[in-house]
Amino acid sequence: MANQETLLKGPVDVNGRLYAWPQSPVVVICVDGSEPAYHERAIADGRMPFLESMLQDGADLRAQCVMPSFTNPNNLSIATGAPPAVHGICGNYFFDAASGAEVMMNDPALLRAPTIFAEFADRGAKVAVVTAKDKLRLLLGHNLQGICFSAEKADQLTVADNGIDNILERVEMGLPPVYSAGLSELVLAAGVNILAQDRPDLMYLSLTDYIQHKHAPGSPVANDFYAMLDGYLADLDMLGAVVVITADHGMNAKSDGHGCPQVIYLQQILDQLPAGVLGGGTSRVVLPITDPYPAHHGALGSCATLYLPPASDLEAVTCRLIREDGIIEVLRRDEACGRFELPADRIGDLVVIADRNTALGTSPERHDLSALSEPLRSHGGLSEQTVPFLVNRPVNSLPAGHRLRNFDAYWVATALTEQ
Ligand code: ZN
Ligand code: ZN
C-alpha cells in the first residue's frame, strides 16, 4: 500500500493530462497582451539583461494561444491545461439564448473543468494565484484551497476569502490605480514575496495588458514596463523556481496611418442586408472582448460572433461579410468549434475574424472611443495567436508533431524541464 506521502506527491491527472509533482516551485507568468516583439525589442535595447541571459541557458520558444485571442479563454486554458471546448470559457461575454441576455463569463458556475490549481491543492500542494484584474479571480480560484487574490482589490483581502491578508504591507506598496503598470507590478512583487515566504509548489501570476493596449513594442513606456518585469524575473529565478513566461494573446495596432481606429461595424452591415436574408428576424452581434475595463480597447477586438434568426440565409450573410476589406474569416459555428476547440453552445451561428490591423464593432454609437487616449491597439484574431513561451530551464524535446500551446505551461514546467 502506498504511503500517504507517495500518494499525495505522485503525478496528478487534470483534464486527462498527467502533471508530475513539482520538485521546485513552478511559477507561470501570463504577461497579458505580450506580443513577442515587446520582450525582443526590450532585450535589443538593453532593458532586459536578466531575460537575455536566461534565454541563453533556458528555452526561447513561441506558442499558439487559444482562439478567440482574448484574456479569459486563455487564462482559463492555462489554468486547466485544456482548450475552451473543455473548460467552457470562450470569451469575456456570451449570449445566453435561454435568458435572451448577454452574460459576462466571470462566474465560476460557467466553468466546466477543474483547474490544475484546485486539483494540486486537493492533493496537498501549496498553491498561490495572483491576478491583476479582479474579473479573473473567481474563475481562477474556483474550488481552490490556497492563496488567491487580485491586485485590484489587494486592500480588501481576508485569510478566509483569499488565504492571505496583508499583502500591501508585506510588499510595502500602496494600492495602484486599475489603469496602470503598477497593477501588474503589484502582482509580480506579491509573487516574489509569497515565493520567498510561503514557498508554494505552484504559483500563477496573471498581469494586465493596460500598457500593451497603449504602447507599441520598443516605445519608451513599453520598454520601462519590460525592464520592471525583468527585475522580478531575476528575483523569482534566484529563489529557485522553475519559471515559464507566456501570454494570453499578442497585440497589434488596429488603426490606420493617421491613428484613427480601423473598425468594421457588423451590426450596421447586418441591418442593411436586403429583406429576406435574415428571414425577417433580428440579429445580434456579440463581441467577446467586452469587459468592465473599456479604457483599454473600447470593446473593439478582432473577433465577433453573430446570432442570426433561424430562417437566415447563412450563405448570403457570409458572402456579404467576406467581401468586406479587413475580414479574413467567416466560419459557421461547427467549423469554428472544430478548428478552434470551442464550446458550441456558447458560440453564435457565425464567427467573424478580422485581419491584423482591423477591429470589429457592433454599431458606432455603441462604442465609446473617447476613453481611448492613444491609437487603438487590440487583439482577438489569428494575428495575435503567437505568444512567447520562455523558460528559465532547458526544455526536453516535445513529443513529435506537438504544436506548443500557451496552456502547455504547467505540463512543460513539471514534465519537460530539469527541476
Ligand atoms: Zn489579455
Ligand atoms: Zn486586452
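Note that ligands are numbered from 1 as they come in the structure, with each ligand's atoms numbered from 1 the same way. Reckoned from all heavy atoms, side chains included, excluding hydrogens, waters and symmetry mates.
Between the Asn357 side chain and the Ala253 main chain, a donor and an acceptor come within less than 3.5 Å of each other. In this structure a side-chain-to-backbone donor-acceptor pair under 3.5 Å is present from Ser77 to Ala82.
His39 and Asp230 share no donor-acceptor pair across their side chains, judged by distance under 3.5 Å alone.
Of all the heavy atoms in Leu18 and Trp411, the pair that sits closest is O-CD1, 3.9 Å.
Geometry note: the Zn ion (ligand 1) is the vertex, His249 NE2 and Asp32 OD1 are the arms, and the angle is 100° (rounded to 10 degrees). Around the Zn ion (ligand 2), the angle linking His213 (NE2) with Asp209 (OD2) is 100°, rounded to 10 degrees.
Shortest distance from the Zn ion (ligand 1) to Asp248 is reached at OD2 (N/O/S atoms only).
Taking backbone and side chain together, Thr208 holds no N, O or S atom under 2.8 Å from the Zn ion (ligand 1).
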